[in-house]
Engineer: 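Below you'll find the structure I mean.
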Amino acid sequence: MAREIATNAWYLIPLAVLLLGSTGGCTSASETDSTPPYTVRDSAGIRIVENNRELADSVWHTSVEPLLELGHEARGPHLFRVEGAARLSDGTIVVANSGTGELFFFDVSGEHLRTVGGQGHGPGEFGFMVSLTVLSGDTLLCYDQTQHRLSWFDRQGDFVRSVQVLPHPPVYQPTPIGLLDDSTVVVYQGMMPLGAAGPIRIERPVETVFRYTVGRAEPESLASFPGIEAAVIETSARAQSRGVYFQRTPREFGRRTAYGVARRQLLVADTDNFEVRAYTADGNLIEIIRRKHEPIPVTSADVHFLRESQLAGASEGRRESIGEMHTRLPDPPEALPAMDPMVLFDADDRLWLPKYHWPPDAPYRWSVFDRNGRLVATVHTPSDLDVLGVGAKSVLGVWKDEDDVEYVRLYELVEGSS
């Protein structure tokens, strides 16, 4: 699953500049359905758009081979812990390489142009870079998780300015969602507490979204939403000897909430349902966009596959403790989540939402909605590509080889079923 939340990690929702080509053309079985493709109604001043189909009539997929692959040492720097990549208006590709705290610039042919940034505490330097966002005018915005600092760069990579988003109770790990305007940053609490008290249970505590205003020390509460669904379980005997009796861990196939910002609105997607809710800068709900979704049951084979994958990816020293923890986990939910926790937008404010990626070897399937909330396209992308952005008929993302070496790949978008 793309960008899965680790037990003791935060999850940053990426904001990408995306552009999809024509959405006309393809024929599907849904064209014979007598049900209207969508309906719009008003409920107490809230606009509700109901899309009555799971698939759009327009279907796109990526080319079999990538147009471009970045990361070969003969043509540029080695990529390590890529946290973002985007294409600028002139075709330049910028890669946020968190492993070195640098931004790499490549031309349209994949040749390395320049490197900016680096690890450090000075202007334009990073402790732990975790995101890259392209703003209007090809302005680049990066976030440093350890220094709680947003930094702006121009299209050439020259440092412009920075703003700190300092922790403040109860936001001890502020994770930016996006910018409502030039002086307002929207954040959420980006870390799940691991400690817990009994009894054994499934819980989903609320998490609050805050806004930071430049020049103001304290954040303002905007709204609260369901957080990460977790299982509270007894610790192992070894841990009990140190006086810890319960622990909190993300539930298998659990629900969570994704966030994004567009048109000076906060967009919130609970993965339990295929829908997005739009809120004003004051936290008022103004719109709900939904898409038909048929729940998919979680089977014992699904649970077995997930656990075996976790064991295979763990170090030899941790496999025993992970296997023992599996014996204490509660039953998973009856159905898979409806979607992955990602909210993406394109340059025309079209909304991109991914169906829950399961099984892992299946292609990703994205639903694309126009400014009015109508489902206008379905896009299939490779199962092993972590999508970071979409350009004019192209998809940009991270791919790893069998040794987990990272490459940034650019694929062509092709209309028609894959």
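Reckoned from all heavy atoms, side chains included, excluding hydrogens, waters and symmetry mates.
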Engineer: Walk me through whether Phe225 and Asp270 qualify under side-chain contact (heavy atoms from CB on, under 4.5 Å).
Structural biologist: CA-CA 9 Å; Phe225 307 96; Asp270 186 334; over 6 Å; no
Engineer: Could you tell me whether the side chain of Asp144 and the main chain of Phe128 form a donor-acceptor pair under 3.5 Å?
Structural biologist: yes
Engineer: Please lay out, stage by stage, how Arg149 and Phe126 fare under the test side-chain contact (heavy atoms from CB on, under 4.5 Å).
Structural biologist: CA-CA 9 Å; Arg149 188 167 66 182; Phe126 301 92; over 6 Å; no
Engineer: Kindly give the heavy-atom pair with the smallest separation between Pro219 and Val171, and that separation in Å.
Structural biologist: CG-CG2, 4.2 Å
Engineer: Measure across Val298 and Pro332 and return the closest heavy-atom pair with its distance rounded to 0.1 Å.
Structural biologist: CG1-CG, 4.0 Å
Engineer: Out of curiosity, His78 NE2 to Tyr407 OH, how far, rounded to the nearest 0.5 Å?
Structural biologist: 8.0 Å
Engineer: Please lay out, stage by stage, how Asp386 and Val82 fare under the test side-chain contact (heavy atoms from CB on, under 4.5 Å).
Structural biologist: CA-CA 10 Å; Asp386 186 0; Val82 173; over 6 Å; no
Engineer: Hey, what do you get for CG (Leu375) to CG (Asn52), rounding to the nearest 0.5 Å?
Structural biologist: 10.5 Å
Engineer: Just checking, any donor-acceptor pair under 3.5 angstrom between side chains of Thr208 and Ser224?
Structural biologist: yes
Engineer: Evaluate the side-chain proximity of Met342 to Val387: yes if any heavy-atom separation is below 4.5 Å, no if none is.
Structural biologist: no
Engineer: When you check the side-chain N and O atoms of Thr381 and Trp366, is any donor under 3.5 Å from an acceptor?
Structural biologist: yes
Engineer: Would you say Arg307 has more than 12 foreign heavy atoms packed within less than 6.0 Å of its CZ?
Structural biologist: yes
Engineer: Going by salt bridge (charged side-chain N to carboxylate O under 4.0 Å, His left out), name the residues that satisfy it together with Glu50, two or more places apart in sequence or in a different chain.
Structural biologist: Arg41, Arg290
Engineer: Find out whether Phe345 and Leu267 are in side-chain contact, i.e. whether some heavy atom of one side chain is under 4.5 Å from a heavy atom of the other.
Structural biologist: yes
Engineer: What heavy-atom pair brings Val343 and Ala258 nearest, and what distance separates the two atoms?
Structural biologist: CG2-CB, 3.8 Å
Engineer: Counting C-beta onward and ignoring hydrogens, is there a side-chain heavy-atom pair between Ser151 and Phe159 closer than 4.5 Å?
Structural biologist: yes
Engineer: Mind checking whether Tyr143 and His148 have parallel, tilted or perpendicular rings, split at 30° and 60°?
Structural biologist: tilted
Engineer: If we ignore hydrogens and angles and just use 3.5 Å, is the side chain of Glu275 paired with the main-chain N or O of Arg291 as donor and acceptor?
Structural biologist: no
Engineer: Counting N and O atoms only, with roles assigned by atom type, does the side chain of Gln247 sit under 3.5 Å from a partner on the main chain of Ala231, one being a donor and the other an acceptor?
Structural biologist: no
Engineer: Kindly compute the distance separating CZ (Phe104) from CG (Asn97), expressed to the nearest 0.5 Å.
Structural biologist: 4.0 Å
Engineer: Does atom CZ of Arg319 have more than 12 heavy-atom neighbours from other groups under 6.0 Å away?
Structural biologist: yes
Engineer: Answer yes or no: is there a donor N or O on one side and an acceptor on the other, between the side chain of Asn51 and the main chain of Arg53, under 3.5 Å?
Structural biologist: no
Engineer: Roughly how far, to the nearest 0.5 Å, is the CG atom of Leu150 from the OG atom of Ser131?
Structural biologist: 7.0 Å
Engineer: Taking Glu125 for its side chain and Gly101 for its backbone only, find out whether a donor-acceptor pair lies under 3.5 Å.
Structural biologist: no
Engineer: Look only at the side chain of Arg248 and the backbone of Pro193, and say whether a donor-acceptor pair between them is shorter than 3.5 Å.
Structural biologist: yes
Engineer: Search all heavy atoms of Gly198 against all heavy atoms of Phe246 and return the closest pair with its distance.
Structural biologist: N-CD1, 3.3 Å
Engineer: I need the Thr378 OG1 to Leu55 CG distance, nearest 0.5 Å.
Structural biologist: 5.0 Å
Engineer: Above 12 or not: heavy atoms from other molecules or residues under 6.0 Å from CZ of Arg201?
Structural biologist: yes
Engineer: Go through it in stages, so that I can follow the logic: the residues are Glu83 and Arg81, the test is salt bridge (charged side-chain N to carboxylate O under 4.0 Å, His left out), and I'd like the CA-CA distance, side-chain angles, deciding distance and then a yes or no.
Structural biologist: CA-CA 6 Å; Glu83 290 291 338; Arg81 292 181 183 171; over 6 Å; no
Engineer: From Tyr212 OH over to Leu180 CG, what is the distance, rounded to the nearest 0.5 angstrom?
Structural biologist: 14.5 Å
Engineer: Can you give me the closest heavy-atom contact between Gln147 and Gly120, atom names plus distance?
Structural biologist: NE2-O, 3.2 Å
Engineer: Applying side-chain contact (heavy atoms from CB on, under 4.5 Å), run through Leu135 and Leu179 and close with a yes or a no.
Structural biologist: CA-CA 10 Å; Leu135 306 175; Leu179 302 176; 4.1 Å; yes
Engineer: Should the pair Phe253 and Tyr356 be assigned to parallel (<30°), tilted (30 to 60°) or perpendicular (>60°) ring geometry?
Structural biologist: perpendicular
Engineer: Quick one: are the ring centres of Phe369 and Tyr38 less than 6.0 Å apart?
Structural biologist: no
Engineer: Under the ring pair (Phe, Tyr, Trp, His ring centres under 6.0 Å) criterion, do Phe105 and Phe153 qualify, and how do the steps go?
Structural biologist: CA-CA 12 Å; Phe105 289 72; Phe153 299 82; 8.5 Å; no
Engineer: Using modelled atom types only, decide if a donor and an acceptor are shared between the side chain of Arg251 and the backbone of Asp331 within a distance under 3.5 Å.
Structural biologist: yes
Engineer: Is the shortest side-chain heavy-atom distance between Lys355 and Ser367 below 4.5 Å?
Structural biologist: no
Engineer: Has the side chain of Asp370 got a donor or acceptor atom that lies under 3.5 Å from a matching backbone atom of Asn372?
Structural biologist: yes
Engineer: With a 3.5 Å distance limit and no angle check, can you tell me whether Thr271 reaches the backbone of Arg256 through a side-chain donor-acceptor pair?
Structural biologist: yes
Engineer: Specify the closest pair of heavy atoms between Pro382 and Tyr411, including all atoms of both residues, with the distance to one decimal.
Structural biologist: CG-CZ, 4.4 Å
Engineer: Please examine the side chains of Arg47 and Val40, heavy atoms only from C-beta on, and report whether any two atoms are closer than 4.5 Å.
Structural biologist: yes
Engineer: Is it the case that over 12 heavy atoms from other parts of the model lie below 6.0 angstrom from the CZ atom of Arg75?
Structural biologist: yes
Engineer: Main chain of Thr62, side chain of His380: is a donor-acceptor contact present, judged purely on distance under 3.5 Å?
Structural biologist: no
Engineer: Are any of the side-chain heavy atoms of Val130 and Thr175 separated by less than 4.5 Å?
Structural biologist: no
Engineer: Are any of the side-chain heavy atoms of Arg211 and Leu266 separated by less than 4.5 Å?
Structural biologist: no
Engineer: List the residues meeting side-chain hydrogen bond (donor to acceptor under 3.5 Å, both in side chains) with Asp384, not counting sequence neighbours, and say none if there are none.
Structural biologist: Trp399
Engineer: Hey, does Glu54 have a side-chain heavy atom less than 4.5 Å from the side chain of Arg365?
Structural biologist: yes
Engineer: Can you tell me which residue pairs pass the salt bridge (charged side-chain N to carboxylate O under 4.0 Å, His left out) test with a partner in residues 396-412, sequence neighbours excluded?
Structural biologist: Glu69-Arg409
Engineer: Within a radius of less than 6.0 Å around NE2 of His112, do more than 12 heavy atoms belonging to other residues, nucleotides or ligands occur?
Structural biologist: yes
Engineer: Do the side-chain N and O atoms of Arg204 and Thr257 include a donor-acceptor pair separated by under 3.5 angstrom?
Structural biologist: yes
